[in-house]
> 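Take a look at this one; I'll ask things after.
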Amino acid sequence: MRVIHAADLHIDSPLRGLGRIEGAPVDDIRLATRRAFSRLVDTCLEDQAALLILAGDVFDGEWRDFNTGLFFVRELARLRDVGTRVVMVRGNHDAESVLARHIPLPEHVHTFPAEAAGTLELPRLGLAVHGQSYGNRSVEDNLAEFYPDRRRDLVNIGVLHTNAIGAAEHSNYAPCTVQQLVRRGYDYWALGHVHKRSILHADPWVVYPGNLQGRHAHESGARGCTVLDIDNLKIRSVAHRDLDVLRWAEISLSAAAAADTDDLLGTLRLRLQQIVFEAGGRPVLARVLVDGATHLHARLAAHPEPFAAQARAIAADLGDVWIEQVRFRTRPPAETEHGELLALHQALRDELEALAADPQRLAEYGPALAPLGSLVAPYLGLRPDDPEHLAARLSEVEALLLGLLAPDHAHSRTAAPLPAQDPAPLRTSEHPEVR
């Protein structure tokens, strides 16, 4: 018997800024979460799965288009026709979603209540499934502590939307520990909320399948579901299955050993070729970060546009791959003959770091920067009256100023042009790996 575990579908989660990626298949990208869910249903049909488990965040809290819900119901109906049962809990996004509260689901779909953890026994399948939904977005209680006792002579599966790893980058909803889950005595914990696949424990299994489809650069790499094979009341195997239709990638390029920009671009080409191969025919969106101490710093800081343009040309030459953004975090080499200039660089860095840590002090610079706001808007888009915005852009200001202070430019009477603003990152309703 086969059981499939998925989580964090975020169907039709809004992706902003897509139009800024020149030549990218914007319409396909917008439909990626739908297509990934359709592939999940296809997998259930092909594998003749007896049960599909959805561990929260099927919908996105900010999304109110009822066509999203109708799409979900139509896909679930395909499973009803072949007798595949579906169980689900509502996560933090579902709890605030209009869709989750008002779209009626087919009779073969069981949604666990929010008031208390419940159990659905499926004796024909030899399963007992335990779960609890969120009643509101922010659930701070340890729900796992009150889950029902295991049922005898059945395979027990717990379904929970939780931060069971206590990672700072994830919202700490329904917090618990892996050992608390293990002590419940279940055979398998089907978790959701963390978007990166992770096996926290085996025998018994405690598993995050990750989300079905990456939605931004911080959700890079393969995404999909977890497939369980159960025989004679024993879980015989647990395996990952790729289902994403679009692959994201983050590429970090160290400029420290690069002889010139051509050398750096050659390394980028090799990395992109490998990523395209691993994507298995999927379109790829990549974010590139160039960092490290390098003699190329002055050129890259003062004139980032040529490198970014050449990087995008390489991507275009490789086929279905696009550069979403190019960022620069280079610095001058530690060893330099320009000791005074190096000291000036460090003083500038210290001042910018101090400003980033003190919004009140940064706000005092607003009046002095105001006359420059309209001048640099086409390049850096600075808003002098917004300290939070200024703090977020200080790294770009640093790169610009360090480039202008570099030896190649210190003697020039004409200031180097401001670096063009790179496209803003794609944004979703929440940031990075947790939803």
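Everything numeric here is computed off the predicted structure, so don't read it as measured data. All residue numbers refer to positions in the sequence shown, counting from 1.
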> I need the single residue from Lys196, His10, His193, Glu219 that forms a side-chain hydrogen bond (donor to acceptor under 3.5 Å, both in side chains) with Asn211. Which is it?
Glu219
> With side chain to side chain contact (heavy atoms under 4.5 Å, CB included) as the test, pick out the partner of Leu52 among Val109, Thr43, Leu40, Val3.
Leu40
> Taking Met88 as the fixed residue, which of Leu9, Val58, Val159 is the one that meets the side chain to side chain contact (heavy atoms under 4.5 Å, CB included) rule?
Val58
> Would you say the side-chain atoms of His240 pair up with the backbone N or O of Cys225, donor to acceptor, closer than 3.5 Å?
yes
> Does Val89 reach the side chain of Leu160, with side-chain heavy atoms less than 4.5 Å apart?
no
> Is any side-chain heavy atom of Thr162 closer than 4.5 Å to a side-chain heavy atom of Trp189?
no
> Quick one: are Ser133 and Thr111 in side-chain contact, heavy atoms under 4.5 Å?
yes
> Quick one: list whatever passes salt bridge (Lys or Arg N to Asp or Glu O under 4.0 Å) with Asp42, sequence neighbours left out.
Arg78
> Indicate yes or no: at least one non-hydrogen side-chain atom of Thr330 is less than 4.5 angstrom from one of Leu296.
no
> Out of Asp244, Leu246, Asp12, which one pairs with Thr33 under the side chain to side chain contact (heavy atoms under 4.5 Å, CB included) rule?
Asp12
> Should the heavy atoms of other residues, nucleotides or ligands under 6.0 Å from CD of Gln48 be counted, would the total exceed 12?
no
> Just by modelled atom types, is the Phe71 backbone N or O under 3.5 Å from a matching donor or acceptor in the Glu75 side chain?
no
> As an exercise, state the distance from OG of Ser38 to CZ of Arg74, rounded to the nearest 0.5 Å.
10.0 Å
> Taking side chain as C-beta onward, heavy atoms only, is Asp242 less than 4.5 Å from Arg282?
yes
> If a pair satisfies side chain to side chain donor-acceptor pair (under 3.5 Å) and one of its residues is in residues 260-269, list it, with sequence neighbours excluded.
Arg269-Asp317
